[in-house]
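No hydrogens, no waters, no symmetry mates; every other heavy atom, side chains included, goes into these values. One-based numbering, in listed order, for ligands and for the atoms of each.
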Amino acid sequence: MRTAAKVRIAGTGSYVPDRILDNEYFTRIVDTSDAWIIERTGVKERRIAPESQCTSDLAAEAARRALAAAGRTPQDVELIILATSTPDRIVPPTSVYVQKKLEAWNAGAVDHIAACSGYVYALSSGWNYVANRQVRNCLVIGSELLTRIANYTDRSTCILFGDAAGALLLEAADDGSSDILYSKLAADGRGEHLIIVPAGGTALQLTDERRANHLDTIQMQGREVYKFAITKFVELIQDAVKALGVTTEAIDALIPHQVNLRIIESAADKLKIPMSKIIVNIDRYGNTSAASIPVAIDEGVRAGRIQRGHLVVAVAFGAGLTWGSVALRW
Ligand code: UT7
C-alpha cells in the first residue's frame with residue numbers, strides 16, 4: 001500500500017485588476033456613505049476588472065506568479081483546480097481556459113463551485129490528489145469577477161464585492177515538516193435562498209424581464225448570513241484546534257474568508273485570537289468570494305507573516321450554505 005505524501009505549498013501568487021472603486025463612487029449611485037460602509041463592513045475600496053478581462057485572465061496571472069515563486073514552469077503542472085462562482089462560461093470549465101492561457105498542456109483541469117467556501121473545498125481536493133500521489137503537484141486557484149454579478153441598484157450588496165484571484169502550488173514533499181494536516185467541509189442546503197443568483201441556470205432561465213428585475217445578480221439576506229458566518233467561523237476554529245490537539249494559541253496565522261471586518265473581529269474576540277495573527281485585506285479588496293483566502297495567503301507570505309513551520313488555518317463560509325476549513329504546517 002502506498003503511504004500518503006506530505007504536501008507542501010511550493011509557491012503563492014495573486015492578482016487584482018488596477019481599477020479601484022472607492023466608497024465615494026457608491027455614494028453617487030446608491031443611498032449610502034463612506035462612513036456607513038466602513039463602519040458596517042470595513043471595506044474602503046475594491047477592484048473592478050475591465051470588460052476585456054474575464055475570470056480566467058485573473059486566474060492565469062495569479063497562477064503565473066505562484067509558479068514563479070515556486071520556481072516551476074506551466075509545463076510542470078499536473079492538475080489545475082479552479083474555485084469560482086463567476087465562470088467565464090457555463091461550459092466548458094474555466095480551468096481549461098487557465099490551462100490554455102498558461103500553456104500548461106500536461107495539466108488536468110477542473111472547476112469547483114462552492115461560493116465563498118470554494119477555495120477551502122478546492123484546497124482540500126488538491127491536498128487529497130497530491131497526498132494520494134495521483135499527481136505530484138496541483139495548482140489551486142480562486143478567481144472571481146463578482147462585479148459582473150453585483151446589483152448596482154441594491155445598496156446592501158453592491159458595496160461589498162470586488163474582483164481578484166489568488167493561487168497556491170501544492171507539491172508532494174516528503175522531506176521537511178510542511179504538510180496539510182486537517183480539513184473540514186460542510187454544507188446545509190436548507191439555506192440555499194440566503195445568498196442566491198436566482199436566474200441564469202437550469203432552474204430559472206434568463207429572460208429580458210428577469211434581467212430587468214436583476215435576477216441575474218446576487219441577492220442576499222445579509223443579517224442571516226452575518227449570524228451564520230460568526231457562528232461557523234468560531235465552530236470551525238474550535239473543531240480544527242481540537243482535531244489537531246492544540247489550543248487557539250498555537251495558531252500562527254489565521255486566514256478567514258474576507259466577509260466583513262466586524263464578523264472577523266467578533267469571531268477573533270470570541271476565540272481570543274489577537275488580530276495581529278489574522279490576515280485581513282477586506283479594507284482594500286472587499287469580499288472576493290473564493291479568491292479572498294488565496295489572495296490573503298499570498299499577501300501574508302510576501303509580508304513575512306506566514307513562514308515555514310507556522311501553523312496556518314483558513315476558514316470560509318458562504319452561499320449554499322457552505323463552510324469549511326483547512327489547517328496546514330507551512
Ligand atoms: O461571503 C458571504 C457573503 N455575505 C456577506 O458578505 C454578507 C454578510 N453580512 C453583512 O456583511 C452585513 O449584514 C451587511 C454589511 C450586508 C449589512 O450590515 P448590517 O449591519 O447587517 O445591516 P442591516 O442589513 O441590518 O441593515 C441596517 C440598515 C437598514 O436600514 P433600516 O431598515 O434600519 O432603515 C438597511 O437598509 O442599514 C441599511 N443599509 C444601508 N445604509 C447605508 C443597508 N445597506 C446600506 C448601505 N448604506 N450600503
Please report which non-hydrogen protein atom sits nearest to [atom], along with the residue it belongs to and the distance in Å to one decimal place.
atom: atom 36 (O) of ligand 1; answer: Arg155 NH2, 2.9 Å
atom: atom 16 (C) of ligand 1; answer: Ser156 O, 3.6 Å
atom: atom 24 (O) of ligand 1; answer: Arg223 CG, 4.2 Å
atom: atom 9 (N) of ligand 1; answer: Gly222 O, 3.2 Å
atom: atom 27 (C) of ligand 1; answer: Arg40 NH1, 3.7 Å
atom: atom 18 (O) of ligand 1; answer: Arg262 NH2, 3.7 Å

Is [atom] near the protein, in the sense that some protein heavy atom lies at less than 4.0 Å from it?
atom: atom 34 (O) of ligand 1; result: no
atom: atom 14 (C) of ligand 1; result: no
atom: atom 29 (C) of ligand 1; result: no
atom: atom 11 (O) of ligand 1; result: yes

Show which atoms of ligand 1 fall inside a sub-4.0 Å distance from at least one heavy-atom site of [X].
X: Thr41; answer: 15 (C)
X: Thr32; answer: 42 (C), 46 (C), 47 (N), 48 (N)
X: Met220; answer: 3 (C), 4 (N), 5 (C), 7 (C)
X: Cys116; answer: 1 (O), 2 (C)
X: Asn260; answer: 10 (C), 11 (O), 12 (C), 15 (C)
X: Val225; answer: 4 (N), 8 (C)

Hey, would you say the Phe233 and Trp323 ring centroids sit under 6.0 Å apart?
no

Give the other cluster members for Ile141, using side-chain heavy-atom distances under 4.5 Å between Ile, Leu, Val, Met, Phe, Trp and Tyr residues; answer none if it is isolated.
Leu67, Val77, Ile80, Leu82, Val98, Leu102, Leu139, Leu169

Tell me the contacting part of Asn287 for ligand 1: side chain, backbone, both, or neither, using a 4.0 Å heavy-atom threshold, strictly below.
side chain

Heavy atoms only, cut-off 4.0 Å: how does Asp31 contact ligand 1, side chain, backbone, both, or neither?
backbone

Under 3.5 Å, side chain of Thr41 to main-chain N/O of Ile37, donor-acceptor pair present?
yes

Which one of Asp298, Thr288, Asn281 satisfies the side chain to side chain donor-acceptor pair (under 3.5 Å) criterion with Ser14?
Asp298

Carboxylate-amine/guanidinium proximity below 4.0 Å for Arg133 and Asp174
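Asp174 and Arg133: salt-bridged.
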
Between Arg262 and Glu265, does at least one N-O distance fall below 4.0 Å, as a salt bridge requires?
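Answer for the salt bridge query: no.
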
Heavy-atom side-chain contact between [X] and [Y] under 4.5 Å:
X: Arg47; Y: Tyr285; value: yes
X: Lys6; Y: Ser178; value: no
X: Arg46; Y: Val16; value: no

Under a single-linkage definition using a 4.5 Å side-chain heavy-atom cutoff for Ile, Leu, Val, Met, Phe, Trp and Tyr, are Ile149 and Leu194 assigned to the same hydrophobic cluster?
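Looking at the clustering, Leu194 is in the same group as Ile149.
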
Ile37 near ligand 1, heavy-atom distance under 4.0 Å?
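Flag not set, Ile37 not near ligand 1.
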
Glu249 atom CD: more than 12 heavy-atom contacts under 6.0 Å
no

Determine, considering heavy atoms only, which of Tyr226, Trp36, Phe161 sits nearest to atom 17 (C) of ligand 1.
Trp36

For residues 179-192, which residue pairs pass the side chain to side chain donor-acceptor pair (under 3.5 Å) check, not counting sequence neighbours?
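Only Ser124-Ser183, Lys184-Asp239, Asp188-Arg190 qualify under side chain to side chain donor-acceptor pair (under 3.5 Å).
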
